[in-house]
Number of protein chains: 2
Amino acid sequence: MKPYYEDSAVTIYHGDSFDVIPALESVDAVITDPPYSSGGAFRGDRMASTSSKYVQSGTAIYRPEFAGDNRDQRSFLAWCSLWLNCARNAATPGACVACFIDWRQLPIMTDAIQCGGWTWRGVAVWSKKYGRPNPSGFSSACEFLVWGTNGAGLSRDDYPCGIVEAASPSGEAKEHIAQKPESVMNWAMRLSQPNAVVLDPFMGSGITLVAAKAMGRKAIGIEVDEQYCEIAARRLSQEVLAL
Amino acid sequence: MKPYYEDSAVTIYHGDSFDVIPALESVDAVITDPPYSSGGAFRGDRMASTSSKYVQSGTAIYRPEFAGDNRDQRSFLAWCSLWLNCARNAATPGACVACFIDWRQLPIMTDAIQCGGWTWRGVAVWSKKYGRPNPSGFSSACEFLVWGTNGAGLSRDDYPCGIVEAASPSGEAKEHIAQKPESVMNWAMRLSQPNAVVLDPFMGSGITLVAAKAMGRKAIGIEVDEQYCEIAARRLSQEVLAL
DNA sequence: GCCGAGAATGAATCCATCC
DNA sequence: AGGATGGATTCATTCTCGG
């Protein structure tokens, strides 16, 4: 299988995770931000394009659409269970898993992690401090990180806190509608062991790989959309130049 | 039905919620901190007494056991669905509901709220900043507030943020093992309308009622354990004296 | 360079219209 | 009737720009 991009710490594959993951082995951590299939109470809302259902109020910055974000709840559970199980087959004993998700799909994700054979161990929180006001009550100020291990966890030297606070990325540094801040990815990365091989099966703009590299891990990214492979590869080569 | 305690803003009933709630009407908000039936992965862990399974690091202060905290997941879902439906029958259209819960029972509670006929609208977060370090990964630094409405929500003037930060209560101010800080209860109270009648079917030491009073709401508390009725009544009369 | 005012932003939600 | 569409709305934080 030919990588789309490769350097000393990072490998990117362009393709579908279900095709690529079975060729992998010795994965120590799965840290990812899958398409949420969220964005509305109704089927029609969820089926809308990612750029219209996740409204970027009045921005002039273009960000590409992303794929796989329009499953209903049953399919989302089935689909997550399958790729999570697939990833666990490539994982070492004691490997860890962590998936970002919003409030609406949080319970589904806890089911999916367990259906995929992982041991669910907790829900960590990314606080954005304040979200867009919600006319019916509390603002959506947080996203969640559902995490677990492949069987018994490994002993560790690092005890990360279950909550992290950071503002959403914005402006030109934000190349994907759902991009997480680097500080949040660095925090999530602390779940893995210092020398871990980290897999992100839904790489997007590659922020997970940047964090993995910054934290001394090795990383494998998979992305179905070539446009994002290109963005991630550019970002990672710039990182190399910056060192 | 004879109240155990009553003043201008607050009524306390001593009894089981399933017996008391059907006699109520015009409830505008249900804000409560039910027994989590959590505290361990195994049945034996959950069946331990509340004062032993919820470890109180090194404190000598005695706190009474509390009831209803040893159900397995299926029973917890069934039981929550039943009292939530029961409470909804006493609720006005557009009333709101909010239940505190830990990560382990969070998905069950989102199911229960919907099974009880409420519209689930979000998951808000109470951040304790730090939790006990967890040897397998992230510390449990947060508890969650699953919230919703009885049909369409009412229009509102207050737009509370979906996350609140406060340290856990400690020392003598803590009269119940699972007691929430007043600031957290005041924040939760902001989900309700300013003149709402707030019901807490699992009153415990009465912190919800204190918050309701402080925020200008009227409150009804129900508690099965007379020892806690006494604690709550004492607390509320002191509040009256303090005014 | 620092500060303050004003504008822009957000994995959103609701509701009236329109097919 | 039910699904799809488009516009209005909310505010703490962040960003921009001028003094």
Side-chain angles (χ1 to χ4, degrees), chain A residues 32-73 76 80 99-106 108-109 125-146 164-185 188 202-205 207-208 225 228, chain B residues 93-94 96 119-125 127 147-165 187 190-191:
Chain A
T32 191
D33 188 17
Y36 293 178
S37 290
S38 193
F42 302 102
R43 180 171 155 274
D45 297 332
R46 288 191 302 273
M47 295 298 286
S49 70
T50 53
S51 61
S52 73
K53 70 180 177 177
Y54 304 128
V55 177
Q56 321 272 301
S57 28
T59 182
I61 298 175
Y62 168 76
R63 301 190 182 98
E65 303 285 332
F66 58 95
D69 197 63
N70 43 23
R71 294 177 173 87
D72 70 15
Q73 289 205 313
F76 184 72
C80 286
C99 302
F100 282 93
I101 200 71
D102 70 351
W103 67 270
R104 204 183 285 279
Q105 302 286 38
L106 171 53
I108 301 276
M109 185 56 82
V125 172
W126 165 35
S127 163
K128 309 178 191 180
K129 299 185 187 178
Y130 197 90
R132 185 175 297 212
N134 183 336
S136 62
F138 295 109
S139 68
S140 297
C142 299
E143 287 186 32
F144 302 95
L145 185 65
V146 181
V164 68
E165 202 176 276
S168 273
S170 63
E172 296 196 2
K174 178 172 175 171
E175 307 207 50
H176 189 291
I177 292 173
Q179 186 176 313
K180 300 290 175 284
E182 275 191 54
S183 62
V184 171
M185 291 311 307
F202 308 99
M203 182 186 65
S205 58
I207 198 82
T208 310
D225 183 338
Y228 281 116
Chain B
C96 59
T119 302
W120 174 39
R121 296 203 180 267
V123 176
V125 172
S127 163
W147 65 277
T149 55
N150 184 20
L154 306 176
S155 67
R156 55 173 52 240
D157 298 322
D158 189 18
Y159 293 81
C161 176
I163 183 166
V164 70
E165 205 176 272
W187 162 78
R190 290 175 60 193
L191 184 62

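So that the names make sense, note that chain A is the first sequence line, chain B the second, and so on, each numbered from 1. Computed from heavy atoms alone, side chains included, the values below leave out hydrogens, waters and symmetry copies.
The nearest whole Å value for the distance from the CD atom in A:Gln105 to the P atom in C:dA11 is 16 Å. Rounded to an integer number of Å, the gap from CD of A:Glu143 to P of C:dA11 is 7 Å.
Nucleic acid contact class of A:Ala178 (heavy atoms, under 4.0 Å, all strands): base. Note on A:Tyr36: a base of the nucleic acid sits closer than 4.0 angstrom, heavy atoms only. Using a 4.0 Å heavy-atom criterion, one finds that B:Pro160 contacts no nucleic acid atom at all. When heavy atoms are screened at a 4.0 angstrom cut-off, A:Gln179 is found touching no nucleic acid atom at all. At a threshold of 4.0 angstrom between heavy atoms, the contacts of A:Phe144 with the nucleic acid are absent. Among the protein residues, A:Ser139 comes within range of no part of the nucleic acid, since none of its heavy atoms lies under 4.0 Å from any strand. Across all strands shown, A:Asp33 has heavy atoms under 4.0 Å from base atoms, whether or not it also approaches the sugar-phosphate. At a threshold of 4.0 angstrom between heavy atoms, the contacts of A:Asp102 with the nucleic acid are absent.
Distances shorter than 4.0 Å separate some side-chain N or O of A:Arg63 from OP1 or OP2 on C:dG10. In terms of phosphate contacts, A:Trp103 brings a side-chain nitrogen or oxygen within less than 4.0 Å of OP1 or OP2 of C:dT13.
When the side-chain contact (heavy atoms from CB on, under 4.5 Å) test is applied to B:Leu154, the partners found at least two apart in sequence or on another chain are B:Gln193. Contacts of A:Ser170 classified as side chain to side chain donor-acceptor pair (under 3.5 Å), with partners at least two apart in sequence or in another chain: none. A search for side-chain contact (heavy atoms from CB on, under 4.5 Å) contacts involving A:Pro64 returns A:Tyr62, A:Gln227, A:Tyr228, not counting sequence neighbours.
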Restricting both atoms to N or O, compile the protein contacts to nucleotides 16-18 of chain C shorter than 3.5 Å, with distance only.
none

Intra- and interstrand pairs of DNA chain D - dot-bracket, Watson-Crick/G-U under 3.5 Å, | marks other strand
.||||||||.|||||||||
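Considering OG of A:Ser140 and CZ of A:Arg104, their distance stands at 8.0 Å, rounded to 0.5 Å.
The nucleotide whose nearest atom lies closest to any side-chain atom of A:Asp69 is, among C:dG10, C:dA11, C:dA12, C:dA11.
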Run the numbers on B:Trp147 and A:Trp103 for ring pair (Phe, Tyr, Trp, His ring centres under 6.0 Å), then give the verdict.
CA-CA 11 Å; B:Trp147 65 277; A:Trp103 67 270; 7.5 Å; no
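Residue pairs meeting the salt bridge (Lys or Arg N to Asp or Glu O under 4.0 Å) criterion with at least one member in residues 152-165 of chain B, sequence neighbours excluded, are B:Lys129-B:Glu165, B:Asp158-B:Arg190.
In terms of position on DNA chain D, the residue among A:Pro133 and A:Ala167 whose nearest nucleotide sits closer to the 5' end is A:Pro133.
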